[in-house]
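Heads up: the structure comes next, in structure tokens.
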Amino acid sequence: MRTRGTDMRARGWWSWLARAGVGLGALLAAGTAQAQEARPWLDPTLPTPRRVDLALGQMTLDEKIAMVHGNFGSILKKTRPDDKRIGAGHVPGVPRLGIPDLYESDASLGVANGGTMRPGDVATALPSSLATAATFDPDIAYEGGAMIGAEARAKGFNVLLAGGANLTRDPWNGRNFEYLGEDPWLTGVMAGAAIRGVQDNGIISTLKHVALNAQESGRYVLDARIDQAALRESDLLAFQVAMERGRPDSVMCAYNKVNGDWSCENDWLLNQVLKRDWGFPGWVMSDWGGVHSTVKAALAGLDQESGQELDREVYFGDPLRAAVDQGAVPAARLDDMVRRILGRLFDRGLVDRPAPDMPQAIDYAAHGLVARRAAEAGAVLLRNEGDLLPLSTALKRVVVIGGHADIGVLSGGGSSQVQAVSGTPLRLPIPNGPANLGFIKITYHGSSPLAALKARLPGAEVTYLDGSDPARAAAAARGADAVLVFAEQWRTEAIDLETLALPDGQDALIAAVAAANPRTAVVLETGGAVLMPWLGKVGAVLEAWYPGDQGGEAIARVLFGEVDAGGRLPLTFPAAEAQAPRPRIPGLENVKAAAAAQASKPRTPGATTVDITGGVQAFDVAYVEGADVGYRWYARTAREPLFPFGYGLSYSRFRHGGFAAQGGAAPSVRFTVTNTGSRPGVDVPQVYALVPAADGKPVRRLVAFKRLELAPGHSATVTLPIDPRLIARFDADGAVWKVTAGLVPLVLASHATADGPTARLSLPALSLKP
Ligand code: BGC
């Protein structure tokens, strides 16, 4: 999707020429030809490697060095206060050669502008990535990415820090809402589609954070320890699939160490896996404050230092120049860094069709619908006793409680924060939040579920209570035709959740209201899994995640059955914290001790360097579950979760049949789905293979899925390919994926622990490239 607009300055100039009777086409052609003669790398008909060689041949050492390190965006705020393109980062271009500046913005859920909060600087906020993952629909992920890319381009950005694809290993990770769940195949497919959507606007997306940035506590200091083969079969597989499908031009390395080396100076991760095994042609940029050395990082495969003010020193500035002068970093390696960047700029069109200098008009109404569709399609119906939902518009008395439903919907915090088009009715400071995270606020988008519900109940008495007094709420709920409790769990980058319980007494509130009226539906606005001690007492539960710019409207449409609740869980909801592979946050004590020490220290006025580690002592995190992330861990350890991966109800009913597997080197499955209910509905059939886990016990792995919308009585027969790597084991010694010849049991199911039709897939012995 590309938003067309008009560059006002250009329009003035062009219309003057037209009035003067100058033939515009002829003039442009002559000008372009001249420019190309003088600067032949600007000739779009030349192949990219040739253009790169030509441009590189003209660059001075200073210009090369300038291209491989960039500023934290806040510097731009000071140096170019009027520039609308203030995002997370900026890398100056080479104007004399026609190489553009890189204007970088965070973009997980929209063009992130939460940090600047400039009046009027709004952008369309998608629902959280978990909601998009819950749609199990790569087309929806693509549309979201395309929408963000269109807005970013219209605002003048040309590099988006999108493409978050870390697997959810721990249910309490503060940033789970920004990722796509716990399964490598689902994550890879969805991230790849979103990245493709962004880049189809002629701008660049990252894939991030490589690798194992699986928790926020101590992310700047921790060492993630894991078996290499297990990492290939899990987090790296997700990145690999996303890379193959999305072809991101850039990859962002993570803050943490992986097996002893910082991710941004990890030769195995960057040189061997990413660039050698996967043939990644683009450039590796660091996370902001993720660089720790010059020579080691440059030789290990880092191509660009980002947000340099957050590092201890500008490692890829003067120190890199000195290292090249002294031969510690070969000049050819610096050229390789620059080649990787230039190649992507030429290929993606950043040079030939640059993002505009002046902001362009954006069709926010159309983009709002993209956000709304994703929110609706990703809403997961977890419980619906006696068909309490969908609600009827004929209800006479409805009580709505809590969650600030009168003003809007919750969003997740951190660098992905979007200042939504629908408004920002409330921004609250983090209670007892650390001083260095003052920029992060608990932020609501201005799409009120209460208003959307009232609009559908014109003849009814609809009452709202904020939920602060459970007894009052219960009294109001008694005898109502339906009660809707909105419950919230806020998550943010930089902080993990110490408990999965709903905060601020919401459990007691829900229990009291449900005891007063069993026709109580709970709408959850959470950034991941949450505990539900009241589950058996309530009539219905709808997981709406952080539903984005039009969240209120999307929730109402699902509650009233204007659309089916079509989402399925992209991650396991544990029954208790103790079920998770790490029931407690590793290193939390270190984080708390450092925070206490910081709080007692006076701030140094005028300090120019920041220690983003906050003084936290380093620690290791052992990923004992290895490749068996999420539902595979629950299966391997025979733990029964509250809700399994893939779970979700529909307002209709479905039958699965005709399940058959086609073996060989390019295997596939085929099956038929029939809507046997009386309403149109969404089904998400999932195919799992039984593959031996690390301990030899067979455990399910998701190998195929399909979101289907079917009218009542209608059937669809689908054929889905199976990527043999999903069934293979990674042989770290031989550096190959290995499939053993034999019959692999498959099940067609509606979630990770459900039964269903079975088949056997006959596979030959296969050795697949890493
Ligand atoms: C985050 C990245 C983000 C960067 C720039 C970092 O703290 O981890 O995801 O892109 O900041 O804002």
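Given the structure is predicted, the values throughout are model-derived calculations rather than measurements.
At least one donor-acceptor pair closer than 3.5 Å links the side chain of Lys208 to the backbone N or O of Leu161. At distances below 3.5 Å, at least one donor-acceptor pair connects side-chain atoms of Ser263 with backbone N or O atoms of Asn256. A donor-acceptor pair is defined here as one N or O able to donate and one able to accept, closer than 3.5 Å; no such pair exists between the side chain of Asp733 and the backbone of Ala735. Although no hydrogens or angles enter the test, the distance criterion places no donor-acceptor pair under 3.5 Å between the side chain of Asn158 and the main chain of Gly202. A distance-only check finds no donor-acceptor pair linking the side chain of Ser767 to the backbone of Lys738 [under 3.5 Å]. Proximity of a side-chain donor or acceptor of Lys257 to a complementary backbone N or O of Val221 within less than 3.5 Å is not detected. Between the side chain of Glu309 and the backbone N or O of Phe72, at least one donor-acceptor pair lies under 3.5 Å. Side-chain atoms of Asn71 do not come within 3.5 Å of backbone N or O of Gly89 as any donor-acceptor pair. Within the 3.5 Å criterion, the main-chain N or O of Leu212 finds no donor-acceptor partner in the side chain of Asp235.
The shortest non-hydrogen separation linking Gln308 to Val314 is OE1-CG1, 3.4 Å.
Counting heavy atoms from C-beta on, the side chains of Glu493 and Arg219 come closer than 4.5 Å. Side-chain contact between Leu342 and Met59 is present, with heavy atoms from C-beta onward closer than 4.5 Å. Contact of the Met147 side chain with the Leu126 side chain is registered, since non-hydrogen atoms from C-beta on lie closer than 4.5 Å. Using a 4.5 Å heavy-atom cutoff, the side chains of Leu726 and Arg701 are not in contact. Counting heavy atoms from C-beta outward, Leu237 and Arg232 have side chains that stay 4.5 Å or more apart. When side chains are defined from C-beta on, Leu97 does not count as touching Leu42, because their heavy atoms never get closer than 4.5 Å. Between Leu763 and Pro667, some side-chain heavy-atom pair lies under the 4.5 Å cut-off. Counting heavy atoms from C-beta outward, Trp737 and Pro724 have side chains that stay 4.5 Å or more apart.
Between Leu160 and the choices Ser108, Ser105, Ser250, the side-chain contact (heavy atoms from CB on, under 4.5 Å) rule is met once, by Ser105. For the ring-ring contact (aromatic ring centres under 6.0 Å, His included) with His292, the lone residue among Trp262, Tyr315, Tyr220 that qualifies is Trp262.
Taken from CG in Asn176 to OG1 in Thr168, the straight-line distance is 3.5 Å, to the nearest 0.5 Å. Summarising the geometry, atom CZ belonging to Phe316 is positioned 9.5 Å from atom CG belonging to Leu334; distances are rounded to the nearest 0.5 Å. How far CD1 of Ile65 is from CG of Leu320: 4.0 Å, rounded to the nearest 0.5 Å. Of the inter-residue distances, the one linking Gln240 atom CD with Glu233 atom CD reads 11.5 Å to the nearest 0.5 angstrom. The structure places CZ of Arg196 at 12.5 Å from CG of Asn201, a figure rounded to the nearest 0.5 Å. The CG atom of Asp62 lies 5.0 Å from the OG1 atom of Thr60; values are rounded to the nearest 0.5 Å.
A donor-acceptor contact under 3.5 angstrom links the side chains of Ser293 and Glu265, judged on distance only. For Ser205 and Gln199, the side-chain atoms include no donor-acceptor pair closer than 3.5 Å. For Tyr142 and Asp200, the side-chain atoms include at least one donor-acceptor pair closer than 3.5 Å. In the model, Asp43 has a side-chain atom that pairs as donor or acceptor with a side-chain atom of Thr45 under 3.5 Å. For the residue pair Asn173/Asp170, the side-chain donor-acceptor check at 3.5 Å is not satisfied. Counting only N and O atoms by type, the side chains of Ser416 and Asp106 include no donor and acceptor under 3.5 Å apart. A donor and an acceptor atom, one from each side chain of Gln272 and Asp277, are nowhere located under 3.5 Å apart. In the model, Ser128 has no side-chain atom that pairs as donor or acceptor with a side-chain atom of Glu178 under 3.5 Å.
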Practice item. With side-chain hydrogen bond (donor to acceptor under 3.5 Å, both in side chains) as the test, would you mind laying out the steps for Asn259 and Gln228 before giving the verdict? Key: CA-CA 9 Å; Asn259 291 336; Gln228 276 190 4; over 6 Å; no

Exercise for review: Could you walk me through whether Val91 and Glu104 pass the side-chain contact (heavy atoms from CB on, under 4.5 Å) test, one step at a time?
Suggested key: CA-CA 8 Å; Val91 184; Glu104 302 171 327; 4.2 Å; yes

Practice item. Report the C-alpha separation of Arg707 and Asp139 in whole Å, then their side-chain angles, then the decisive distance to 0.1 Å, and conclude whether the salt bridge (charged side-chain N to carboxylate O under 4.0 Å, His left out) test is met. Key: CA-CA 10 Å; Arg707 178 190 177 90; Asp139 291 344; over 6 Å; no

Review point. Should Arg276 and Asp267 be marked as a salt bridge (charged side-chain N to carboxylate O under 4.0 Å, His left out) after you check the CA-CA gap, both sets of side-chain angles, and the distance that decides it?
Key: CA-CA 11 Å; Arg276 184 196 64 198; Asp267 179 73; over 6 Å; no

Point to revise | Derivation of the salt bridge (charged side-chain N to carboxylate O under 4.0 Å, His left out) call for Arg725 and Glu244 | key: CA-CA 13 Å; Arg725 290 174 299 183; Glu244 290 162 355; 2.7 Å; yes

Practice item. Report the C-alpha distance between Asp249 and Arg340 in whole Å, list the side-chain angles of each, state the deciding distance to 0.1 Å, and finish with yes or no for salt bridge (charged side-chain N to carboxylate O under 4.0 Å, His left out). Key: CA-CA 9 Å; Asp249 289 323; Arg340 286 172 170 276; over 6 Å; no

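Electrostatic pairing of Asp336 and Arg339 does not count as a salt bridge here, judged by no charged N lying under 4.0 Å from a carboxylate O.
Aromatic pair Tyr103/His90: ring centres closer than 6.0 Å.
Legend: residues meeting side-chain contact (heavy atoms from CB on, under 4.5 Å) with Ala165, ordered by chain and number and at least two apart, are Thr187, Ala191, Leu207, Phe239. For Glu313, there are no salt bridge (Lys or Arg N to Asp or Glu O under 4.0 Å) partners two or more places apart in sequence or in a different chain. Considering only residues two or more places apart in sequence or on other chains, Asp335 meets the side-chain contact (heavy atoms from CB on, under 4.5 Å) condition with Leu56, Lys64.
Under a cutoff of 6.0 Å and an axis angle of 45°, Arg169 and Tyr623 form a cation-pi pair.
Other residues, nucleotides and ligands contribute more than 12 heavy atoms inside 6.0 Å of the CZ atom of Arg96.
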